[in-house]
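Values reported hereafter were calculated over all heavy atoms of this structure, with side chains retained and with hydrogens, waters and symmetry mates removed. One-based numbering along the sequence shown.
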Amino acid sequence: MAGEEINRGGILPQSRTGAGSVLPSDAVVVRLPHFRLQGDSLYFLISKRPFAVLALAEQNLWSALEKEATVGELEALLGAPAGEGIRHLVALGVAEVLTPPPSGKRRRVMVIEPHMDDAALSVGGLMLQRRAECEFLLVTVATQSVATSYRGIDRDFFDVQTISNLRKAESEIVARLVWGRHIPLGLVEATLRYYPQKWTLDWFQRHEQAVWEYLEHAAGRGELELWTAAIAKAIEDFEPDEIWMPLGIGMHVDHQLTRHACLNILRTNPKLVEQRVCRFFQDVPYAAKVPGHTAALLETLRGAGVKLEEERVNVADVKQEKLRMLAVYLSQWKTEAIWGRVEACSKALGGPPGSFSELWYRVAAAPTKDLDMIDTSAVKESIYRIARDLAPWLRRNRNARKIGILLAAPMGRWADDLKYLLDFFPNAQFEVHMQTKFAGHAEMFSSPRIEVRLGGDRWRWMLGDALTTVLGRRIPLVIVTGREREKHGRWLARFGLLSDPIVAASMSDFVQALQYTVKEGE
């Protein structure tokens, strides 16, 4: 990209520290928390390859930054050449120079984010534009984490305390870039909720497919209440003048929980909207991944009485600074990769050439009706379709002695879903057919009423196993296809012969449809 250099740390604007630029003496210099000095070289986290070789003066500077210091203090300690060393470290993407916030009172703005990076991705430009007038509190709900980009390359880097502290350190730097503070609420993110114990690489490789499915599974029992209470307490404790909240666009359960918790708070305390400025912002980059969800969600919210005033804000004047902000989150991504997804969300908003926009909505009125989480889901139509098919299927099979489950996609919440099914069908034995790559699932929960049969790891396994082992038997059958294969599953169901199949894109959809059917029947 023009005017930028690419390195393994991401995209770093050259304008961050020009060779002849004057560094303010009261600016604070901080090391990024991802690098360690060994000998004369810097290494990134657990990498064994040197990231950069430092001259002796730069090694001394790095050591002096064991505790953050101002430019003036470093120059007094190391001499005038310290300025050039600082500029070099910043250009490498291993340090940051943080200017102090302005004096005087500013409006207190609470920006609520599910994870430690969502606010920067979604409204980083809006925060940068308003930082002189606003004291930003970046309130992260889930700050116990095991999520890093190392998961994607099979590296053994899963220590919860190390990763949680690393991500908090990133967020603290980003908060200070907008002259604010980071407030961690301490809840557990979805990745770690799948298995809130010690992870190893071997364990992750056995469970990887299920972990990804867990992220898009509906919330579990008690989770919404927990998240609602945590966010409500933060609002009470910090008494912000403004509250910015995520719309919860996309499939990630933590984004859904955060949005719905905020809706619950507004529903039970509508005076918040009268007493404070409340806004919902569009989640980036999920808005580009699930492009139809924003419009559908807004329609649902307005149907529940929420009055929203849209504003698309051009933040092109701080585009490079937002890029700099995202480059701090090195534990999560290569900046050039995430930046393309951020730009895709901006382009989808339209605007004149050269614009770079972020989207939010001023809340003019709180919801007047309760909203079920299904109503705000990106896949609600799939759930309601299954619910329509379920009524006659349940009349035939509620008291079945055996039910087959054919999994071409993992369940995600294996224990929760199977316990629910065991209770819902108290007379049934379950025969679960699944691919061997999902076998880690079965470690999470077992029962004498559940028999697991493993097959191959390709789609043709489903065809062969289903046609020869399941579809030709007189048995009610749940076919879980995965979102991209649902049409294939419906085609397969036509060959049910003696079986009685019902098709769902995910086990989450199927269980939610069951719950909805029960609720509607009450």
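Between I112 atom CD1 and R259 atom CZ the span is 14.0 Å, to the nearest 0.5 Å. Rounding to the nearest 0.5 angstrom, the gap separating the CG atom in L226 from the CG atom in L187 is 4.5 Å. Rounding to the nearest 0.5 angstrom, the gap separating the OG atom in S447 from the CG atom in L422 is 5.0 Å. Distance check, rounded to the nearest 0.5 Å: CD1 of I338 to CD of E343 gives 11.5 Å. Here the CG atom belonging to L138 is positioned 6.5 Å from the NE2 atom belonging to H182, to the nearest 0.5 angstrom. Once rounded to the nearest 0.5 Å, the distance linking CG of L215 with CD of E189 reads 8.0 Å.
Side-chain N or O atoms of T368 include one that pairs as donor or acceptor with a backbone N or O of A304 at under 3.5 Å. No donor-acceptor pair under 3.5 Å is formed between the side chain of R267 and the backbone N or O of L371. When atom types are taken as modelled, the side chain of R312 and the backbone of L349 share a donor-acceptor pair closer than 3.5 angstrom. Without hydrogens or angle criteria, R181 side chain to V139 main chain gives no donor-acceptor distance under 3.5 Å. A donor-acceptor contact shorter than 3.5 Å links the side chain of E113 to the backbone of D118. One N or O on the side chain of K322 and one on the backbone of L121 form a donor-acceptor pair closer than 3.5 Å. Judged by distance alone, the side chain of D241 and the main-chain N or O of R108 form a donor-acceptor pair under 3.5 Å. Although no hydrogens or angles enter the test, the distance criterion places no donor-acceptor pair under 3.5 Å between the side chain of R206 and the main chain of E443. Judged by distance alone, with hydrogens and angles left aside, the side-chain atoms of T376 form a donor-acceptor pair with the main-chain N or O of M373 at under 3.5 Å. The backbone N or O of S145 sits less than 3.5 Å from a side-chain atom of S164, completing a donor-acceptor pair.
Taking each heavy atom of R413 and A218 in turn, the nearest pair found is NE-O, 3.1 Å. In terms of heavy atoms, V146 sits closest to I163 at O-CD1, 3.8 Å. Pairing each heavy atom of Q429 with each of R449, the nearest pair is OE1-CA, 3.2 Å. Minimum interatomic distance between S382 and A505 (heavy atoms only, all atoms of both residues): OG-CB, 4.5 Å. Nearest heavy atoms, V478 versus W393: CG2-CH2, 4.1 Å. Considering all non-hydrogen atoms of both residues, R193 and V253 come closest at NH2-CG1, 3.7 Å.
Within 6.0 Å of atom CZ in R302, more than 12 heavy atoms from other residues, nucleotides or ligands are found, so the atom counts as buried in its surroundings. Crowding of E484 atom CD: a count of heavy atoms from other residues, nucleotides or ligands under 6.0 Å not exceeding 12. Within a 6.0 Å sphere centred on CZ of R221, other residues, nucleotides and ligands contribute 12 heavy atoms or fewer. By the neighbour-count criterion of 12 heavy atoms within 6.0 Å, atom NZ of K289 is sparsely surrounded, having that number or fewer from other residues, nucleotides or ligands.
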Evaluation steps, side-chain contact (heavy atoms from CB on, under 4.5 Å), between Y286 and M251: CA-CA 8 Å; Y286 297 99; M251 297 290 294; over 6 Å; no

Self-check item: M444 vs H207, side-chain contact (heavy atoms from CB on, under 4.5 Å): CA-CA, chis, key distance, verdict
Solution: CA-CA 10 Å; M444 309 298 284; H207 290 260; 3.6 Å; yes

| message | Let's go through R401 and N427 carefully: what are the C-alpha distance in whole Å and the side-chain angles of both, what is the deciding distance for side-chain contact (heavy atoms from CB on, under 4.5 Å) to 0.1 Å, and is it a yes or a no? | response | CA-CA 6 Å; R401 294 294 179 182; N427 301 316; 4.0 Å; yes

Evaluate W199 against L192 for side-chain contact (heavy atoms from CB on, under 4.5 Å), listing each step before the verdict. CA-CA 9 Å; W199 289 30; L192 185 56; 3.9 Å; yes

task = Decide ring-ring contact (aromatic ring centres under 6.0 Å, His included) for W244 and F136; before the verdict, give the C-alpha distance in whole Å, the side-chain angles of both, and the deciding distance to 0.1 Å.
result = CA-CA 10 Å; W244 299 4; F136 287 107; 5.4 Å; yes

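In this structure, V452 and F438 have side chains that are not in contact, with every pair of non-hydrogen atoms separated by 4.5 Å or more. Taking the side chain as every heavy atom from C-beta outward, D237 and I183 never approach each other to under 4.5 Å. Looking at V141 and P114, their side chains never come closer than 4.5 Å, going by heavy atoms from C-beta outward. Counting heavy atoms from C-beta on, the side chains of F445 and D416 never come closer than 4.5 Å. Residues L390 and F510 form a side-chain contact, since some pair of their non-hydrogen atoms from C-beta on lies under 4.5 Å apart. Counting heavy atoms from C-beta outward, L301 and Y361 have side chains that stay 4.5 Å or more apart. S171 places a side-chain heavy atom less than 4.5 Å from the side chain of Y329. Taking 4.5 Å as the limit, some side-chain heavy atom of R167 sits within range of a side-chain heavy atom of Q332.
Salt bridge K402/E431: present, at least one basic N to carboxylate O contact under 4.0 Å. Taking a cutoff of 4.0 Å between a charged side-chain nitrogen and a carboxylate oxygen, R483 and D509 qualify as a salt bridge.
Shown are V111, D283, V313; of these, the side chain to side chain contact (heavy atoms under 4.5 Å, CB included) with V123 is made only by V111. Residue M411 forms a side chain to side chain contact (heavy atoms under 4.5 Å, CB included) with just one option from H441, E213, M434, and that option is H441.
No side-chain donor-acceptor contact under 3.5 Å links S506 and H217.
Note: W339 and F356 meet the aromatic proximity criterion, with ring centroids under 6.0 Å apart. Taking the six-membered ring wherever Trp is involved, the centroid distance between the rings of W203 and Y195 falls below 6.0 Å.
Evaluation of the side chain to side chain donor-acceptor pair (under 3.5 Å) rule for W360 yields E311 as partners, not counting sequence neighbours.
Annotation: cation-pi pair R398/F424 present, NZ/CZ under 6.0 Å from the ring centroid and within 45° of its normal.
Note: F157 and Y150 have perpendicular aromatic rings, judged against thresholds of 30 and 60 degrees for the angle between ring planes.
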